[in-house]
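Each remark here refers to the structure printed beneath this line.
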Amino acid sequence: MSTKILSVGGSIVAPEFPDTAFVKQFVEMAKSYLEAHAGDRLILVIGGGGPARIYQNAFRTVTGAAPDADVNAADWIGIMATRLNAQFVKACFGSLCKDAVVTDPTAENVTFTGSVLVAAGWKPGFSTDNDAVLLAEKFGADTVVNLSNIEKVYTDDPRKNPDAKPLDTISWADFRAMVGDEWVPGKNCPFDPIASKKAEAMKLTVICAGGKNIENTRAILEGAPYIGTTIQ
């Protein structure tokens, strides 16, 4: 029996509003995988996506706050968006997900009695990527699969730098030099800097891959060749 952690970016669950076609395919893939691997379990940590950014921007518009002002308030808004998305995904798994959405990955009373456990944002200071790392620690997983809207980590932002190169592998030291050490609510980076620091200390492997490619995600779960970037 193994427990696998998938950090599912809100940008693919709800880029603006829930992507029902994607979620349906994802749930079907996960169910098929679990049927083929009796005893395995999946932990899904769901991000805030479009709803988080929409409400964070609305807050800043109403208050006139700068993007880096009142970070705590903006973070809480994003956290609430993750919880709505997570509750939606949990409901889609029906009886496979028997436990409540996890909102504190460090709590002693977190139960995992089904085949799927769904988690959301916890508290300000980091993204759901960090919650995924904490759950990996709690349940003894050695790998976190980070699914987002990018297929690989690049040497730089490819939208701004046409010379940016995709990477198949990268060390934690090099990756952390790229993303820095600070978290800003709504920050768009392959893996949260705070989560990266803890993952490196835990000697955790993180695989960053494009979440829309359902077959590729299944390949990762199966231990087959995949498209993505491995950070270790």
CG-OG1 distance between Asp131 and Thr82, expressed to the nearest 0.5 angstrom: 7.5 Å

Donor-acceptor contact present, side-chain Asn146 to main-chain Pro190, <3.5 Å: yes

Over all atoms of both residues, closest heavy-atom pair of Trp76 and Lys123: CH2-CA, 4.3 Å

Val144 reachable from Met29 in the ILVMFWY side-chain graph, under 4.5 Å edges: no

Asp129 to Ser7 - nearest heavy-atom pair and separation: OD1-OG, 3.0 Å

Residues, nucleotides or ligands: over 12 heavy atoms within 6.0 Å of Glu222 CD: yes

Whether Phe126 and Trp122 hold their rings parallel, tilted or perpendicular, with breakpoints at 30° and 60°: tilted

Exam field: side chain Asn85 to backbone Gly48, donor-acceptor pair closer than 3.5 Å: yes

Ser32 side chain to Glu28 backbone, donor-acceptor under 3.5 Å: no

Check against side chain to side chain contact (heavy atoms under 4.5 Å, CB included), Leu42 and Leu221: CA-CA 10 Å; Leu42 298 177; Leu221 291 174; 4.1 Å; yes

CD on Glu137 to OG1 on Thr106, rounded to 0.5 Å: 10.0 Å

Close side-chain approach of Met178 and Ile170, heavy atoms under 4.5 Å: yes

Validation row: Pro18, Val23 side chains within 4.5 angstrom (heavy atoms): no

Thr113 backbone acceptor or donor facing Asp99 side chain under 3.5 Å: yes

Whether Phe26 and Phe93 hold their rings parallel, tilted or perpendicular, with breakpoints at 30° and 60°: perpendicular

Spacing of CD belonging to Glu151 relative to CG belonging to Asn216, to within rounding of 0.5 Å: 7.5 Å

From Thr169 atom OG1 to Ile207 atom CD1, the distance as rounded to the nearest 0.5 Å: 12.0 Å

Close side-chain approach of Leu134 and Lys198, heavy atoms under 4.5 Å: yes

Sidechain-backbone polar pair: Thr229 side chain, Leu167 backbone, donor-acceptor under 3.5 Å: yes

Nearest heavy atoms of Leu117 and Ala100, plus distance in Å: CD1-O, 4.2 Å

Under-4.0 Å salt bridge between Lys152 and Asp168: yes

Cluster link Ile214 to Ile150, ILVMFWY, side chain under 4.5 Å: no

Neighbour count above 12 (heavy atom, 6.0 Å) for Tyr55 OH: no

Expected output: side-chain Asp192 to main-chain Ser127 donor-acceptor under 3.5 Å: yes

Heavy-atom closest pair, residues Ala164 and Pro158: CB-CA, 3.9 Å

Inter-residue atom distance Phe175.CZ - Cys208.SG, 0.5 Å rounding: 5.5 Å

Check: Ala74 main-chain N/O paired with Gln56 side-chain donor or acceptor under 3.5 Å: yes

Residue pair Tyr33 / Arg218, side-chain heavy-atom distance below 4.5 Å: yes

Val206 vs Thr143, side chain to side chain contact (heavy atoms under 4.5 Å, CB included): CA-CA, chis, key distance, verdict: CA-CA 6 Å; Val206 170; Thr143 301; over 6 Å; no

Pairwise side-chain contact, Asp163 with Asp156, heavy-atom cut-off 4.5 Å (strictly under): no

Test item: Leu6 and Ile43 side chains (from C-beta on) under 4.5 Å apart, heavy atoms: no

Pair Asp40-Lys4, side chain to side chain contact (heavy atoms under 4.5 Å, CB included): steps then yes or no: CA-CA 8 Å; Asp40 276 16; Lys4 302 180 185 296; 3.8 Å; yes

Residues Phe88, Val118; criterion side chain to side chain contact (heavy atoms under 4.5 Å, CB included); working and verdict: CA-CA 10 Å; Phe88 162 57; Val118 177; over 6 Å; no

Side-chain touch Leu147/Ile12, heavy atoms, less than 4.5 angstrom: yes

Stacked cation flag Arg41 on Phe112, 6.0 angstrom / 45 deg: yes

Path from Val27 to Leu84 over hydrophobic side-chain contacts below 4.5 Å: no

ILVMFWY network linking Val8 to Ile227, side-chain heavy atoms under 4.5 angstrom: no

Gly211 versus Phe22, closest heavy-atom pair with distance: O-CE1, 3.2 Å

In one Ile/Leu/Val/Met/Phe/Trp/Tyr side-chain cluster, 4.5 Å: Ile231, Val133: yes

Nearest-0.5 Å distance that lies between atom NZ in Lys212 and atom OG in Ser11: 8.0 Å

For the student: nearest non-hydrogen atoms of Asp19 and Pro15, plus distance: CB-CD, 4.1 Å

Main-chain N/O of Ala107 paired to Lys138 side chain as donor or acceptor, under 3.5 Å: yes

Evaluation steps, side chain to side chain donor-acceptor pair (under 3.5 Å), between Ser171 and Arg176: CA-CA 9 Å; Ser171 70; Arg176 291 189 58 214; over 6 Å; no

